[in-house]
> 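So that we are looking at the same thing, I have put the structure below in C-alpha cells.
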Amino acid sequence: MQSAAQGAARTVSVNRVDGRLKVTGGARYAADHLAERAAHGYLVLSTVALGTIRSMDVAAAERAPGVLAVFTPFRKLELIGGGNPFSVGHSWLPLQDAEVRYHGQAIGLVVAETFEQARDAAALVSADYNVRPPAASLPDGIPRAADPGRINGEPSVLDMLADGVGTIDEALASSEVTVSGTYRQPIKHHSAMEPHATVAVWQDDQLTLHNGTQSTSLTVGTIAAALGIEATQVRVISPHVGGGFGNKIATWAHPLLAAAAARTLGRPVKVVLTREQTFTITGNRSAVQQTVTLGARRDGTLVALKHQAYSSQSTSGGIFESAPHTTSRYLYRAANVHLDQKIVTLDVPPPTWMRAPGQESGSFALETALDELAVKLGMDPVALRLRNYATVYPGRNVPWSSKHLDECYRVGAQRFGWDRRDPAPRSDVRGEWLVGTGMATAVYPGERFPASVKVRFLADGDVAVSSATADLGTGMWTVLAVLGSEALGLPVARIRTDLGDSTLAANIGAFGSGATASTGPAVGVAAEAARTELINLAVTHERSPLHGVPAADVQYDRGELVAPGRRIGFAALLQAVDVAGVEATGSAAPGPEHGQHAFTSFGAHFCEVRVNRWTGEPRLARITTVIDGGAIINAKTARSQIIGGVIFGIGQALLEGAQVEPATGRIANANLAEYLLPVNADVPPIDVHFLDHPDTLFNPLGARGIGEVGTVGVAAAIGNAIHHATGRRVRDLPITLDKLLD
Ligand code: MOS
C-alpha cells in the first residue's frame, strides 16, 4: 500500500463523484426504476392499534379500475419462516395472520396498473376488528417495565463498584456533592428524504429487487428466506440511497410483499411508501426516560455514576435504545458505576437502529447531568470532564487504540472562544435575546466488518473499483474513488466506482459507522492483487512488450509498468494484448488486535444559543464540533457527515418527536408538516474540525467511523447552552418554546 494509505496525515478534499448525477437527476433511486409492465402496489394499514381482524371487505377495491389483486391475511401472499427484528424489522411476517399489533401495521396490499389506482382502491378496503385497548404511553408503562436481557454482552443491570462499596447508593451517600435528574425524550423517526421503495422483477426463477437499502447482502438473505428460494436467486440493486440513518438496514414489509406479489402475478411490482406510511412500516427510535444521579467530590472527581433508563419496545420486538450501556458504561472514569436498562413493551411500531442508537439518548442524560454537576460545583464543564477523563476502558483492562478526546476539548474550546464565557446563567442579555453557551462530549464506537473490493484495470485507461457496499449520502462513492486513486497512483477522475449491487464483491454494507473502516482497507489489498495480475499478464503474454521479462524486474508505477529500459501504461498494454481488463478481488477483516484495544470515535460540541425573552423561542447562533475519528479519507464528504450528524442532534434537541395518542396508539403527526425536522433556517454556521490522528491499530488506513458520532451530545450541548442563557434546565426533549416561557 502507498504511504498515504498507511495513516499519514491527509489533506484530500474532493467533490462527490456522484454529485453531478445527483443534481441532474441522473442518479436513479429505487423508485426511479421503470420496469416494463410494472404494476403498482399500495399498502393498506390498520386503523386500530391492537386487536384481531375478523374480516375484511375487499369487494369494492377488487372492482375498482385497474386493480389486479388485493392481498390480505385472508388472501395471503405466502411467506415462510418467521419474522425477526434484525432482518425484517419485526417478529412476524406481513399478512400471514390476522393480528394487529400497532396502528399503521400493514394488513393488505392492493396491486393495480397505476399507483393512483392502487391508492384509490386501497381506500375502499375496510376491516372489521376485535379491538383491544392499546398501551401506547411510556410513562404509563413504567410500573411494568421488564428486564431486556443482556446488552452488548453485559447484564442489563451492571454494577462496577470499588472494593468495599456494597451498592451505588452507598457511594452516592458518601459523595460530597450529588445531582440527580430525570430526562425524557419521545419516539423519533429517521425521516430520510427518500421514502422507502422497492421494484421487484422476476425473470424465470431469478428475482431482481431495486430496493433502497443500507445492505444489499442482508436484503438478499432476508428475501430469500421469506420466499423460500436460494440466495443465488436474488439480486438486490441499490446504487443510490436518499438517507438511511439505520432505517434501511432491516428489509421491512414492502420488499417482501412486492417480491411475493410479483411472483404471484407474473409481472413486476413496485411499492413506494408514502411519507405517512414510513412512520409506521419502517421503525423508529424508542422513547426513553432516564434518571442520572452523580456523586462527586468538591474537586469534581466522580465518586458515583448511576444511570437508569426505560426505553420503549414494541410487542413486535425491535432494537430498543440502550442508553446507559452505550455512554455511562465507558465514557468517564468514575469510582463506582451502576447501569440499569429496562424496557417498556407497548403496542407501537417496532424500534430499530437509528443514528447512534443508545448514544443519542444516553448522551443527552449523561452530558446534561454533568452540566448540572458543573453548575453545582461552580466548575467549568470542560474542566469537569477532564477531571474524570478515562485513559483505559473502564472495567476492562484494555487501552484505547487512539483517544484524543482531551485535544477535542482543548481545540474546540479555543476555536469557539470558550474562555470568554461568564459561567453565571442569564449573564449575557442582548436586547430581547438571552445568550448562552454550552458544551458536551460525543462518543461512538469504532466498528469494523469483513469486506471485499474488486479492482479492475480497463483497456480505456480507467480503473474500476467496486464493492457491494452502500452510499446513503455518506460519501462512499467518493471514498472508493479517493482510496482507489491513492492505491493506484492515478487521478480520482480515472477511478470508476460501483457499489450498491449484491452481485459485486462481498460487503455487508453501511451501518455502525463502519463502511469506510471496513471497505477502505480492502481497496489497498485488491489494488495490490490487481497490480500483480497486471504484471503477470505483461510478462507472460506473447504480444506484450514486456513478454519474457522476469516479473520481479517489473514495477507498477502510477498506472505504468516499468522494467529496466522500458515503460508502458496499463491501457497500452491491455490494448496490445487485446484484453478488456485485468482484475483481482481483495478482502480485509479485523484481526486479533481487536481483542486487545477499545476502538472509539470521540468529539466535543460547543454551541451558542439565543432565547427570546418574550416568546421563549430558542435559536442556535453557532456550533463548533471537533472530531477525533482517526484518519479522514475525504475531508469534504467527512465534514458533510458531521454537519449532518449535528443537524440530526438539533432535531433531537429542539424539534422532533412522535405524538402518539395514548388512547388509540396512532401517531398523530406522521407527516413532515407536523413532525418537525431542522430546515436551513434552524441550522446555524457549524464549524467542523477533525483532529486527524490515524488509528492504525484499528485498520491500516487509520480511519474510524464518523457517520454517527457527530449526533451524539448535540442535544445536551444545546440544552446546556439554553440553561446558561436562561437559568432554566429543560430535561424533556424537544426543548420547545412553551418550556422556556417565563
Ligand atoms: Mo446505523 S443506526 O448503524 O445506520
Side-chain angles (χ1 to χ4, degrees), residues 85-89 151-152 185 187-194 196 211-219 222 238 240-252 278 282-286 288 311 318-323 325-327 349-364 442-451 468-476 479 499-500 507-519 599-601 629 637-638 640-642 644-649 651-652 656 703-715:
F86 293 90
S87 57
V88 304
I151 297 167
N152 299 341
Q185 61 179 65
I187 283 178
K188 284 199 293 290
H189 293 272
H190 308 68
S191 310
M193 206 182 293
E194 178 205 16
H196 299 62
N211 184 61
T213 177
Q214 297 177 231
S215 174
T216 54
S217 61
L218 291 176
T219 309
T222 302
S238 180
H240 300 286
V241 182
F245 315 118
N247 165 257
K248 289 174 182 159
I249 303 173
T251 298
W252 307 113
T278 65
T282 71
N284 57 55
R285 188 196 298 278
S286 304
V288 191
S311 298
I319 292 91
F320 62 87
E321 187 81 5
S322 59
H325 290 68
T326 55
T327 51
T352 191
W353 302 277
M354 183 162 155
R355 201 173 202 171
Q359 289 85 9
E360 188 249 24
S361 57
S363 65
F364 172 63
V443 63
Y444 190 80
E447 309 251 21
R448 188 179 167 201
F449 317 103
T469 186
D471 188 330
L472 16 151
T474 46
M476 183 52 74
V479 161
L499 56 77
N507 197 310
I508 192 139
F511 45 78
S513 299
T516 294
S518 307
T519 307
F599 303 99
T600 309
S601 287
T637 47
S640 232
Q641 277 285 61
I642 299 304
V646 169
I647 294 171
F648 222 77
Q652 178 193 8
E656 292 186 55
R704 281 194 309 264
I706 51 168
E708 297 171 81
V709 67
T711 294
V712 182
V714 171

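Order of appearance sets the numbers: ligands from 1, and atoms from 1 within every ligand.
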> Side chains of H189 and N247: donor-acceptor distance under 3.5 Å anywhere?
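Result is no, nothing qualifies.
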> In ligand 1, which numbered atoms sit nearer than 4.0 Å to a non-hydrogen atom of F245?
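This gives 2 (S), 4 (O) as the contact atoms.
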> Below 4.0 angstrom from a heavy atom of R355, which ligand 1 atoms are there? Numbered from 1 as shown, please.
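Counting atoms of ligand 1 from 1, those under 4.0 Å from R355 are 2 (S).
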> For E321 and Q185, what are the C-alpha separation, side-chain angles and deciding distance, and is it a side-chain hydrogen bond (donor to acceptor under 3.5 Å, both in side chains)?
CA-CA 11 Å; E321 187 81 5; Q185 61 179 65; 5.1 Å; no
> Considering only non-hydrogen protein atoms, determine which one is nearest to atom 1 (Mo) of ligand 1 and report residue, atom name and distance to 0.1 Å.
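The protein heavy atom lying closest is E708 OE1, 3.5 Å.
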> What atoms of ligand 1 come within less than 4.0 Å of a heavy atom belonging to I249?
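That gives atoms 3 (O), 4 (O) of ligand 1.
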> I'd like to check which ligand 1 atoms, numbered from 1 as shown, lie under 4.0 Å from a non-hydrogen atom of W353.
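Listed by number with element: 2 (S).
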> How far is atom 4 (O) of ligand 1 from its nearest protein heavy atom, and which residue and atom name does that atom have?
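Scanning the protein heavy atoms, the shortest distance from atom 4 (O) of ligand 1 goes to Q214 NE2, 2.9 Å.
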> Is there a side-chain contact between S513 and Q641 (heavy atoms, below 4.5 Å)?
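Sidechains of Q641 and S513: no contact.
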> Is any side-chain heavy atom of Q359 closer than 4.5 Å to a side-chain heavy atom of E708?
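When only atoms from C-beta onward are counted, E708 and Q359 do not touch, as no gap falls below 4.5 Å.
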> Answer whether the closest heavy-atom distance between the side chains of N284 and P351 falls below 4.5 Å.
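Result yes, sub-4.5 Å side-chain heavy-atom pair found.
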> Between N152 and S322, does the side-chain hydrogen bond (donor to acceptor under 3.5 Å, both in side chains) criterion hold? Intermediate values first, please.
CA-CA 9 Å; N152 299 341; S322 59; 5.1 Å; no
> Got an N/O contact under 3.5 Å between G246 and ligand 1?
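Yes, G246 has an N/O under 3.5 Å of an N/O on ligand 1.
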> Among all the protein's non-hydrogen atoms, which is closest to atom 3 (O) of ligand 1, and how far away is it?
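Ranked first by proximity to atom 3 (O) of ligand 1 is G512 N, 2.7 Å.
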